[in-house]
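See structure below.
Along the sequence shown, residues carry numbers from 1.
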Amino acid sequence: APVIDLPHRAAQKRLERGVAQIDPTLSIHDLHEHDGFVSFDLVRPDDFDISDEELLELVTRIVHERRPDASCVVTFDSGFSSPERPAEQL
C-alpha cells in the first residue's frame, strides 16, 4: 500500500478550502512543501476577474496562516475558457 503523508494531505485540504473561499472555480494541484517554501499550481478560468498578483497575495496569506515563514511559489494555469469563446482563440 502507498504511504499516505497525512500532514501533507491536511495541508492540501486546508489550502483547497481557502482557495475555494476566494472563488469556487479555483483549484490547486501539485502541492510540494520544501524547507523554506510551498509550491503548487493554481488553476483558474481564462476570464477570471482577479489578477494573478492579487491571487498570489491571497493564497500566500492562506499558506502563512500555517507556515508564516514560507515562501510561496505559485504556477498559474488557465484550466478552461468560458463557453462563449470559440476554442480556436485559445
Side-chain angles (χ1 to χ4, degrees):
V3 175
I4 297 172
D5 181 353
L6 290 176
H8 180 81
R9 291 268 303 269
Q12 179 150 350
K13 288 289 179 209
R14 190 177 300 113
L15 186 56
E16 285 170 351
R17 279 195 303 272
V19 165
Q21 286 177 347
I22 298 169
D23 191 284
T25 63
L26 298 173
S27 64
I28 64 158
H29 57 95
D30 294 340
L31 175 67
H32 299 284
E33 296 188 71
H34 303 280
D35 295 338
F37 67 93
V38 175
S39 67
F40 54 92
D41 293 353
L42 181 66
V43 182
R44 51 145 176 68
D46 283 342
D47 53 0
F48 199 62
D49 58 356
I50 299 176
S51 70
D52 288 355
E53 293 78 17
E54 195 175 345
L55 270 176
L56 178 60
E57 190 178 315
L58 291 168
V59 296
T60 298
R61 273 189 223 151
I62 294 166
V63 170
H64 283 174
E65 287 171 11
R66 193 179 62 91
R67 298 269 313 267
D69 56 333
S71 299
C72 278
V73 179
V74 180
T75 302
F76 293 94
D77 284 343
S78 43
F80 53 91
S81 58
S82 56
E84 65 271 7
R85 282 183 54 197
E88 57 269 13
Q89 287 184 7
L90 297 179

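With rounding to the nearest 0.5 Å, the separation of CD1 in I62 from CZ in R14 is 11.5 Å. Distance check, rounded to the nearest 0.5 Å: CG of L58 to CG of L26 gives 9.5 Å. Atoms CZ and CD1, on F40 and I28 in that order, are 6.0 Å from each other to the nearest 0.5 Å. Note that CG of D35 and OG of S71 are 11.5 Å apart. Values are rounded to the nearest 0.5 Å. In this structure, CD in Q21 is found 12.5 Å from CD in E16, a value given to the nearest 0.5 Å. In this structure, CD1 on I50 lies 5.0 Å from CG on L55, to the nearest 0.5 angstrom.
A salt bridge links R61 to E57: one of the charged nitrogens lies within less than 4.0 Å of a carboxylate oxygen. Remark: R44 does not engage D23 in a salt bridge, criterion side-chain N to carboxylate O under 4.0 Å.
Side chains of D30 and T75 form no contact here, defined as non-hydrogen atoms less than 4.5 Å apart.
Residue V19 comes nearest to S27 through the heavy atom pair CG1-N, 4.3 Å, listed as atom of the first residue, atom of the second, then distance. Minimum interatomic distance between A11 and R66 (heavy atoms only, all atoms of both residues): CB-NH2, 3.3 Å. Counting all heavy atoms, side chain and backbone alike, E33 lies closest to R67 at OE1-NH1, 2.9 Å.
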Query raised in the report: Step by step, would you call V74 with T60 a side-chain contact (heavy atoms from CB on, under 4.5 Å)?
Result: CA-CA 9 Å; V74 180; T60 298; 5.6 Å; no
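Cluster annotation: L31 is not connected to V43 through the hydrophobic network of ILVMFWY side chains, with a link wherever side-chain heavy atoms come within less than 4.5 Å. Under the 4.5 Å side-chain heavy-atom criterion for ILVMFWY residues, no single connected hydrophobic cluster contains both L42 and F37.
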